[in-house]
Amino acid sequence: MKQEKGDKKSSKKILIIFVVILLLVVVGASVWWWLTQRDKDNNGDGVGQGGNHIEKVYSKLTGLEVIDESVNSAPTFCVQIPNGSTDGARPQAGLTQAGVVFEAIAETGITRFAAVFQVPTTGIIGPIRSLRPYYLDWDTPFDCTVVHDGGSHEALTAIAQGGQRNLDEDFRYMWKVNDSSRLWNNVFTSPSKLQEFNDSKGYITSSPKTFPRLTPEEVEADRLIPECTKNEAGECIEPAESNDIFVNQIQASFTGIHDYNIQYTYDATTNRYLRSYTQGGAHMTYDCPAGVTEFANCGAPVQVAPSSVVLMRVQESTMSDGYHENIATISTGSAYIFQNGKLIEGTWRKTAQNHQISFLNAAGEEIAFTPGQIWISAIPQFGNISWE
């Protein structure tokens with residue numbers, strides 16, 4: 001009997017140990033499952049609640065990350081913006097938020113911009129000035145509302161016949177600022193006003209033909225930041241050898257008028273190009289908060305600093321009126337692309353008005369651009385391009 005009682009006690013003890021081990025296994029498995037699910041929900045690899053994979057979405061216009069894919073079909077706007085140095089055009093407003101900016105001579109050596117926007121958040125865009133045929137050729141592939149204040153006879157005829165979305169001077173969607181220093185460069189608009197125009201016309205989407213873009217990972221692999229020997233001032237005086245051409249300074253002249261000739265300084269910290277005028281200092285623009293319509297509430301202007309600079313050679317002449325310019329846009333020519341600290345020498349090609357420009361490297365491959373703003377300057381055959 002004593003032996004049987006001992007056997008019962010031993011069996012009971014074994015059972016208790018087994019139950020404890022089982023409980024430890026169950027608890028351990030539960031903790032392990034909770035930890036792994038928590039990691040899945042909170043990791044940085046695009047996995048969200050419930051294990052659903054969240055893909056990052058990038059703007060096709062700028063290459064920058066956006067909130068969702070709907071941005072890529074949102075209406076685009078191509079605004080003609082003046083650049084006079086003595087007539088109140090500067091500083092402009094909204095230029096920092098344009099995905100692409102084209103720059104060319106409008107007349108008598110004075111340059112003008114065609115700035116392409118999609119879902120801008122700035123409060124003010126402008127000033128707005130007149131259209132030229134070559135700006136229309138550059139605008140058209142972006143499927144944009146062409147925003148302008150009049151235009152040359154050739155440009156107004158072309159847009160009337162071409163059927164592009166057309167917002168000519170209309171003060172339901174624009175306004176004049178009460179500032180005598182602006183002179184005739186006093187017409188401005190805003191994203192909300194542009195949206196009102198599009199809504200009134202039923203323009204709810206756009207299908208822009210854009211430029212190929214590098215991924216953030218490709219940018220880091222492509223960046224050229226040569227090691228160098230520095231002087232006492234911390235300046236690089238002996239760049240390391242590289243097959244790529246490192247460029248710190250870019251200069252381009254449209255004519256002999258220094259007010260409109262440009263230079264860029266590469267900022268390796270931001271991987272952008274600080275834009276200035278050969279005469280006149282840094283190129284400044286207002287970046288007003290959304291909803292603001294008074295420059296007094298915009299804060300100080302900021303310097304224009306695109307991520308990529310393109311200088312393309314064009315054939316240019318004066319039209320029969322002896323005043324307006326004519327630029328061959330459906331054509332080809334040499335191009336100099338500056339991005340990620342280096343120079344790519346290549347060519348440009350545009351085969352039709354509604355076809356986007358292709359920028360090709362020496363091997364004939366299309367160049368992909370760094371995310372951010374692309375600034376494209378059309379330098380005539382009589383202008384100059386240099387770098388160092």
Side-chain angles (χ1 to χ4, degrees), residues 61 75-104 106-107 110-132 135-136 138-139 142 144-152 155-156 159 164-198 259-260 275 277 280 282-306 373 375:
L61 179 64
T76 47
F77 307 94
C78 297
V79 186
Q80 319 309 301
I81 298 178
N83 189 36
S85 61
T86 60
D87 58 5
R90 302 175 186 174
Q92 296 89 0
L95 279 177
T96 56
Q97 295 195 17
V100 180
V101 179
F102 291 91
E103 176 180 29
E107 66 255 342
I110 301 172
T111 53
R112 186 166 297 173
F113 313 136
V116 185
F117 299 88
Q118 189 175 40
V119 196
T121 59
T122 182
I124 305 175
I125 298 173
I128 303 168
R129 283 300 297 275
S130 57
L131 183 65
R132 299 290 182 269
Y135 292 119
L136 183 62
W138 293 327
D139 289 345
F142 292 98
C144 57
T145 298
V146 181
V147 184
H148 58 109
D149 187 355
S152 66
L156 296 180
I159 196 169
Q164 291 90 345
R165 300 175 183 182
N166 184 13
L167 175 53
D168 199 348
E169 181 183 286
D170 188 331
F171 289 107
R172 290 174 294 178
Y173 311 109
M174 304 172 184
W175 70 87
K176 285 187 177 182
V177 298
N178 184 22
D179 183 349
S180 59
S181 68
R182 286 288 182 178
L183 299 178
W184 48 84
N185 289 304
N186 59 356
V187 179
F188 291 84
T189 189
S190 67
S192 60
K193 290 290 186 183
L194 296 176
Q195 187 62 52
E196 286 178 24
F197 172 79
N198 271 2
D259 287 3
Y260 307 104
R275 179 179 159 93
Y277 297 106
H283 182 179
M284 307 299 286
T285 182
Y286 286 102
D287 190 8
C288 306
V292 169
T293 57
E294 299 288 340
F295 284 108
N297 300 322
C298 289
V302 297
Q303 188 170 7
V304 173
Q373 184 179 86
W375 195 288

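This one's a predicted model, so the numbers in the text were calculated from it and none came from an experiment.
- The aromatic rings of Trp138 and Phe102 lie parallel to each other, with less than 30° between the two planes, well short of the 60° mark.
- Counted by atom type alone, Tyr173 and Thr189 present zero donor-acceptor pairs between their side chains at under 3.5 Å.
- The shortest distance between side-chain heavy atoms of Val146 and Gln80 falls below 4.5 Å.
- No donor-acceptor distance shorter than 3.5 angstrom exists from the side chain of Tyr286 to the backbone of Gly123, with no hydrogens or angles considered.
- In this structure, Arg182 contributes its side chain and Ala89 its backbone to a donor-acceptor pair below 3.5 Å.
- Formation of a donor-acceptor pair under 3.5 Å by the Tyr277 side chain with backbone atoms of Ser85 is not found in this model.
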Original post:
Would Phe197 and Phe77 satisfy ring pair (Phe, Tyr, Trp, His ring centres under 6.0 Å), going step by step from the backbone distance to the final call?
Top reply: CA-CA 11 Å; Phe197 172 79; Phe77 307 94; 8.6 Å; no
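- Of the inter-residue distances, the one linking Thr145 atom OG1 with Asn166 atom CG reads 9.0 Å to the nearest 0.5 angstrom.
- The pair Glu196-Arg172 does not count as a salt bridge, with every side-chain nitrogen at least 4.0 angstrom from each carboxylate oxygen.
- Atom NE2 of His148 and atom SG of Cys78 lie 11.0 Å apart (nearest 0.5 Å).
- Side chain of Gln303 to main chain of Ala282: no donor-acceptor pair is present (N/O by atom type, distance under 3.5 Å, no hydrogens or angles).
- The main-chain N or O of Phe142 is found under 3.5 Å from a side-chain atom of Thr76 such that the two form a donor-acceptor pair.
- Distance alone, capped at 3.5 Å, places no donor-acceptor pair between the Arg165 side chain and the Asn198 backbone.
- Gln92 and Asn83 share a side-chain donor-acceptor pair at under 3.5 Å.
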